[in-house]
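Just follow the structure's listing: the first ligand is 1, and inside any ligand the first atom is 1. No hydrogens, no waters, no symmetry mates; every other heavy atom, side chains included, goes into these values.
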Amino acid sequence: MKTEILKIDSINPDMYKIYVASATIKKKGTVIFPTETVYGLGADAFSSEACKKIFIAKKRAMDNPLIVHIASLKDLELVASNVSSTIIDKLKKLWPGPLTVILKKNSKIPDTVSGGLSTVAVRMPAHPVALALIEDSNTPIAAPSANLSTKPSIVTGIDAISEMYGRVDVIIDSSHTFFGLESTIINLTGEIPAIVRPGIFTYEELKPYFDNIVISNTARGINEETIAIAPGMKYRHYAPDKSLYMVKNDSLYEAIFNSELSNELIAVCSTEMSKKIKGRKILLGSERNLYDVALHLFDSLRVIDELHGRLAIIQSFNEGGIGLAIMNRIRKASSGNVIESFEQFKKIIEASDF
Ligand code: TXA
Ligand code: MG
């Protein structure tokens, strides 16, 4: 497939280039576009035929539903049904932004988009290019993250091109996204609002709007029980090809990287931690600003496979605020592999055969 690359400024999008991309959406083609969180791989949300191309391009399982992106609140009724005025009032305040809500779906949304569920995930992104594209396409755009299935999400135009060139019709390159980590998903179809995937919008920030909101077990890490609520959770996610382990606490992390085995390893850690350890390091940012860690997390996971070293070992972070989303992605990227003691670390090294 021939892919057209359009370089578009994030803040002042060139409307002629947006027009080229929206014409592709109208022709039932696929467009990779930036959002404030991560890049999305979009198609016309009302066209089953167009949305099937998303699954093929990403090699995504057909039962894993897509988020529908809208550019104005009046479009909500086109994709969802029976949304209460209380919820609409809250969304007026919370959107546009990195928050996805699960609602009862409108019957016009094809099963391809909703994975056959009776619900639909909807969000209004806060990115000038995304909003201009949706508006100009004159239709809601269904879009998962733009990465190939199982790979880390894509946060730069360059990574979109290197991973997806030839697999989609258009790639918009608007440099780095603003946050680098996905939206928070909340389920509003149950009795109690529940965070099913933590993201940029934190629990603490949502609490004033939904005072009984809970964090579901899926949101904390890998948990197979709640697959029915968040179907995507059962799939492998964000994983580098090289083995990645998370370390339970900072003192064990320091002990591992100050041992004689440190030059076999790649450290993925904060700038503060990097000053205390030896060896090859990928820096995530400062622990004092976890938004910086979020911004660099997926980039860092992509770099792991480019470096020498037997295995990569990532630090764990405090789970308050944005830390909950960071730890959720780290747990998934490391497939739940946690190092809890130095003895266990030695066993892992002995068992790894290179
Ligand atoms: O920041 C984001 O949310 C990005 C940008 C592009 O908007 N999108 C994104 O999409 O992360 P994706 O497909 O990578 O992740 C969406 C998750 C999947 O795990 C999917 O299973 C879940 O949302 N999902 C979608 N529709 C759902 C529904 N109706 N009920 C429950 N989970 C749903
Ligand atoms: Mg994804």
Item to check | Verify same cluster id: Val155, Leu181 (apolar side-chain graph, 4.5 Å) | outcome: yes
Item to check | Shared hydrophobic cluster, Ile18 / Tyr39 (ILVMFWY, side-chain heavy atoms < 4.5 Å) | outcome: no
Those atoms of ligand 1 less than 4.0 Å from some heavy atom in [X]:
{"X": "Ser183", "value": "1 (O), 2 (C), 3 (O)"}
{"X": "Arg123", "value": "1 (O), 2 (C), 3 (O), 5 (C), 7 (O)"}
{"X": "Ile67", "value": "3 (O), 8 (N), 9 (C), 10 (O), 16 (C)"}
{"X": "Ile185", "value": "17 (C), 23 (O)"}
{"X": "Leu117", "value": "28 (C), 29 (N), 30 (N)"}
{"X": "His69", "value": "5 (C), 6 (C), 7 (O)"}
{"X": "Asn64", "value": "18 (C), 20 (C), 21 (O)"}
{"X": "Ala121", "value": "25 (C), 26 (N), 27 (C), 29 (N)"}

Answer with yes or no whether the side chains of [Y] and [X] bring together a donor and an acceptor at under 3.5 Å.
{"X": "Asp44", "Y": "Thr139", "result": "yes"}
{"X": "Asn187", "Y": "Thr189", "result": "yes"}
{"X": "Ser47", "Y": "Lys28", "result": "no"}

Checklist entry - Is atom CZ of Phe342 surrounded by more than 12 heavy atoms (other residues, nucleotides or ligands) closer than 6.0 Å? => result yes
Checklist entry - Just wondering, more than 12 heavy atoms not from Ile5 lying within 6.0 Å of its CD1? => result yes
Item to check | Pair Glu319 + Arg331: basic N to acidic O under 4.0 Å | outcome: yes
Checklist entry - Less than 4.0 Å between a side-chain N and a carboxylate O, is that true for Lys7 and Asp173? => result yes
Next on the checklist: Below a 4.0 angstrom heavy-atom separation, can you tell me which part of Thr119, side chain or backbone, both or neither, approaches ligand 1?
Outcome noted: both
Checklist entry - Considering only heavy atoms, does His127 approach ligand 1 within less than 4.0 Å through its side chain, its backbone, both, or neither? => result neither
Item to check | Option passing side chain to side chain donor-acceptor pair (under 3.5 Å) with Thr37 (candidates His127, Arg123, Glu182) | outcome: Arg123
Next on the checklist: If you apply the rule side chain to side chain contact (heavy atoms under 4.5 Å, CB included), what do you find for Phe345 with Leu265, and how did you get there?
Outcome noted: CA-CA 11 Å; Phe345 161 67; Leu265 312 172; 3.8 Å; yes
Can you find an N/O atom of [X] closer than 3.5 Å to an N/O atom of ligand 1?
{"X": "Tyr39", "value": "no"}
{"X": "Ser114", "value": "no"}
{"X": "Arg197", "value": "yes"}
{"X": "Glu182", "value": "no"}

Item to check | Heavy atom of Lys105, distance to ligand 1 below 4.0 Å | outcome: no
Item to check | Among Ser118, Pro65, Ala142, Ala130, closest by any non-hydrogen atom to atom 26 (N) of ligand 1 | outcome: Pro65
Checklist entry - From Ser145, does some N, O or S atom reach closer than 2.8 Å to the Mg ion (ligand 2)? => result yes
